[in-house]
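Single-structure report; data block below.
Every chain is numbered from 1 and lettered A, B, ... according to where its sequence line falls, protein lines coming before strand lines. All values below were derived from every heavy atom in this structure, side-chain atoms included, with hydrogens, water molecules and symmetry-related copies excluded.
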Amino acid sequence: MTTTTTELPYHHLPTENPNQPISQKSLLNLLTTKCTTSLHLLKQTHALILKTNHFQDHFIAGSLIKSYSNPFHNPSTSFLQVFHQVPNPNVFVWNSVITACVDNNDPCLALVYYSNMVGSNAKPNKFTYPVLFKACMVMKCVDYGVQVHCHVVKNGFMDDGYVRSAAIRMYSSVGRVVEARMVCDYGEKDVVCFNAMINGYLKCGEIESASGLFDSMTKKNVGTWNAMVTGLVKCGMVEDARKVFDEMPERDEISWSVMIDGYNKNGCFKEGLEVFRAMLGEKVMPKKFVLSSVASACANVGSLDQGKWIHAYAKQNSIELDGVLGTALVDMYAKLGRLDLAWDVFETMKRKEVSSWNAMIGGLAMHGRAKDAIELFLQMEKKRVQPDEITFVGLLNACAHGGLVDVGLECFDRMQDVYGVEPTVHHYGCMVDLLGRAGRLAEAEELVYNMPMTPSPAVWGALLGACRVHENIDMGEKIGKTLIELDPQNGGRYALLSNIYAKAGRWGDVKKVRTLMKQNGVKTTTGRSTIDIDGIVHEFKIGDSDHPRAREIYEMVEEMIVKLELEGYVPKTSEVLFDIEEDEKETTLWRHSEKLAIAFGLISTSPGTPIRVTKNLRMCEDCHLVIKLVSCVYKRDIVVRDRLRFHHFRNGKCSCKDFW
DNA sequence: TTAGGGTTAG
């Protein structure tokens, strides 16, 4: 069998005629094309440059520095070595090396080279300064930034829009919006400077100033609108962002992407999908980033059909399932309960990144398949893929759900000893969960008190959850109180403590928790359940009556009550927080969002198809019980994914063993 | 001369 070399030897390089001397143009062409993906070819070209005396050409030398600084080649110091070979570097060569330093995350070195440049014969030009401002921004050092600004003024480059926009970004990145605005208002109006300014204001939370500037602009471009939409989304003002978005005279790929992603980040997945539909309606072709955002929205509302559509669309349009889109699809299918499809995507991905492995391991963990998650991790080790902290969060979660305490403990040690991954507060949370679920409460508590950082509310929450399951009232009470003090605005914390009291029959204390909650003015996060019927996402909140088919849904609920009571169903009211009458509690329970969603599923789907519901919070014990019975009485497969994990109900049984 | 800016990205 013969092997073919992918890299061509010299005589195949595109010299027009091998007897003619190679031109500057073809060398530059080589550097900017083939050499970007092959260090070998870059070295060959370097040799060719030296051999043909082209190294004296400053433009060639500078371009060579740029090529060596390409992160693809893991440059470290190679571009510096090239730079130091250049006799009497001119401004272009200096600019090249300064840019290369910044591109390789060494902004400090960029400033060192700038000061050397100033000390040499070469005079900085307008191309020198944008990258220097960037260096100061990365270093978060406004003092250096001010010095650079002085040099700009002294050398007369304040008229340049590129220089000024970089200065605006530098100043506003450290909150100095007044200085930024002064730079922005200097000289000729430049739309990019204004856009950078709008972005700066919004990053500093100065919404009024941003909209003031926005309104004052007469020649806005798409970037201006995008800056406004992006900024508002980042300030958590999705509704306002949407208003601006709707007014846009034209939208580009970024506009759509920002809006869809903005909805995602604020938990409004249904709205995100609606915007995506509008995008398709306007015949805009989505690319991989939008597709991956939409995949995530599908995962979060439980839209398997739309998720499959995204996958098929990518296939049809030959969009590669790379580290971004492929991983998003793996994660999506796993969250939609289709580990088989997640695995198909994972296997077909040519370039798997750590995040891809993480998504697959996390997916297995979520489904309680701890052993498979560990097996996959071993494969990852074999393939010499360096795991990161997220990998271990997935593994530890898998161990916690699967009750593999010893494996989990070993994993925690190996993470540090073998992989040098320092445990974060998340890892400690997993460990507390792992020990707590297994009933090793004392060890879990000890870990919380001995961890090297301040325990986050989530860590306390894991411990408290364990206290509740293992009915350790004393520890639970202590932890519950600590947790409420630490995180007084989180309604879930009160609910947990209240549940602990309720389980112990301490109704007086339940009442006290409720009063405290009122005093602290806590807003509870409402549970929302979604179900996708024929591509339309239906969302339910507790006691929802907005749905067009609300009457039928409640009739179905009534029917369910009758049928389930015949099966001997008794409501589990212990998790109802409020100090209300017992029969009222039962009514409340029946109005829970997942029950409404399932009632709707029963009336709107055919008997053979599984009913898939997704809930943003943890399912309560009563819902778990009811759905189990419904699956039996109505002979339906029901899949509910809540915030923690999968519950697959069939014939009155649930695949999820560790429900709490 | 040649190069460089703002808005997105699991």
Side-chain angles (χ1 to χ4, degrees), chain A residues 24-25 27-28 31-32 57-63 65-66 90-100 102-103 125-134 137 157 160-170 172-173 180 183-184 190-200 202-203 214 220-234 241 244-245 248 251-262 264-265 286-297 299 322-332 334-335 353-360 362 388 390:
Chain A
Q24 185 206 46
K25 201 178 150 206
L27 285 171
L28 290 174
L31 286 175
T32 51
D57 177 341
H58 278 142
F59 189 45
I60 294 269
S63 302
I65 291 169
K66 189 181 176 183
N90 74 349
V91 57
F92 181 79
V93 177
W94 281 106
N95 289 349
S96 300
V97 75
I98 290 170
T99 306
V102 175
D103 287 346
N125 64 9
K126 61 179 181 175
F127 293 100
T128 317
Y129 291 102
V131 70
L132 287 176
F133 279 126
K134 189 179 171 192
M137 184 172 74
F157 294 120
D160 190 87
Y162 292 80
V163 174
R164 278 191 291 134
S165 69
I168 293 166
R169 253 159 62 83
M170 185 277 295
S172 55
S173 74
V183 175
C184 183
D190 181 307
V191 72
V192 175
C193 287
F194 279 87
N195 296 353
M197 194 62 234
I198 288 177
N199 178 254
L202 289 166
K203 269 197 184 132
F214 180 78
K220 302 178 181 88
N221 66 11
V222 202
T224 318
W225 291 86
N226 287 345
M228 203 63 204
V229 175
T230 314
L232 288 171
V233 161
K234 280 194 183 139
V244 177
F245 178 83
M248 289 179 76
R251 304 184 186 93
D252 62 7
E253 170 84 13
I254 294 172
S255 327
W256 293 100
S257 175
V258 169
M259 199 61 242
I260 294 170
D261 215 55
N264 275 0
K265 291 221 169 81
K287 297 202 185 82
K288 67 173 182 175
F289 285 116
V290 166
L291 291 176
S292 49
S293 296
V294 175
S296 153
D322 62 358
V324 176
L325 183 55
T327 305
L329 289 177
V330 169
D331 185 60
M332 176 191 81
K335 284 188 174 144
E353 294 185 18
V354 198
S355 59
S356 325
W357 292 88
N358 291 350
M360 198 61 228
D388 65 8
I390 316 240

| request: Verify the distance criterion only: is there a donor paired with an acceptor across the side chains of A/N226 and A/N195 at less than 3.5 Å? | output: no

| query | How does protein reach along nucleotides 1-7 of chain B, written 5' to 3' as B (base within reach of a heavy atom under 4.0 Å), S (only sugar-phosphate), or - (no contact)? | reply | -BBBBBB

| Sugar-phosphate, base or nothing in reach of A/K265, heavy atoms under 4.0 Å | sugar-phosphate

| message | Under 4.0 Å, counting only non-hydrogen atoms across every strand here, what does A/A328 touch: a base, just sugar-phosphate, or nothing? | response | sugar-phosphate

| message | Between A/W256 and A/R251, is there a side-chain heavy-atom distance shorter than 4.5 Å? | response | yes

| request: Provide, to the nearest angstrom, the distance between the CH2 atom belonging to A/W256 and the C1' atom belonging to B/dA9. | output: 18 Å

| message | For A/F214 and A/W225, I'd like to know if the aromatic rings sit close, meaning centre-to-centre distance below 6.0 Å. | response | yes

| Atom pair CH2 (A/W357) and CG (A/D388), whose distance is rounded to the nearest 0.5 Å | 13.0 Å

| said: Taking A/E253's backbone N and O only, do any of them form a donor-acceptor pair with A/S257's side chain (distance below 3.5 Å, no angle check)? | reply: no

